[in-house]
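Take a look at the structure set out below.
The first residue in the sequence is number 1, and the count goes up from there.
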Amino acid sequence: MSIVTEQKFLSEEELTSLKEIQTNTQLLIAELGEIELVKLQLENRHGAAKTFLNELRTKEQEFTQSVFEKYGKVNINPETGEITPVE
C-alpha cells in the first residue's frame, strides 16, 4: 500500500516574491560586475595619467634647463614667447 501525499505549492504572492528576489539578485550580480569593470578601466586610466604626468615633468625640466642654459634666468610670456630677464 502506497502513501499518497498531497503536493504543496507556494501561493501566487509567495511565488511572485521569490521570482522578484531571483531577478533582483541577477540584476545586482550584473551591476557589481559592471562596477568592477569600470573600476579596472579607471585604474588603467589612472596609471596612464600618472605615466603621462611623469613624462610631462621630465619634458618641463629638460625645457627649463635648456632655456636657462641659452638665456639665463628669465621670465617667459607663454602667449607671445617674449623673454624678459629676471632681476
Handout entry: Any Glu62 side-chain heavy atom under 4.5 Å of Thr58 side chain
Key = yes

Completion exercise
Heavy atoms of Leu10 and Leu18 approach each other most closely as CD1-CD2, 4.0 Å

Practice task
Taking side chain to side chain contact (heavy atoms under 4.5 Å, CB included) as the test, write out the residues that go with Lys70, two or more places apart.
Solution key: none

Completion exercise
Taken to the nearest 0.5 Å, the spacing of Leu56 CG from Gln61 CD works out to 10.0 Å

Exercise for the section: Could you please spell out the steps behind the side chain to side chain donor-acceptor pair (under 3.5 Å) verdict for Ser17 and Glu14? Expected result: CA-CA 5 Å; Ser17 291; Glu14 291 168 330; over 6 Å; no

Exercise for the section: Using only heavy-atom distances, determine whether the side chains of Glu69 and Gln65 contain a donor-acceptor pair under 3.5 Å. Expected result: yes

Problem - Fellow cluster residues of Val67, listed by chain then number, with links counted only when side-chain atoms sit under 4.5 Å apart - result: Phe63, Tyr71, Val74, Ile76, Ile83

Problem - Reported CD1-to-CG distance for the pair Ile35 and Leu42, which is rounded to 0.5 angstrom - result: 11.5 Å

Problem - Side-chain donor-acceptor contact under 3.5 Å, Thr23 with Glu20 - result: no

Practice task
Hey, could you give me the NE2/CG distance between His46 and Leu53, rounded to the nearest 0.5 Å?
Solution key: 9.5 Å

Problem - salt_bridge(Arg57, Glu60) N-O dist < 4.0 Å - result: no

Handout entry: Interatomic spacing from CD in Glu13 to CG in Leu15 - rounded to 0.5 Å
Key = 11.0 Å

Problem - Glu34 side chain near Leu32 side chain, heavy-atom distance below 4.5 Å - result: no

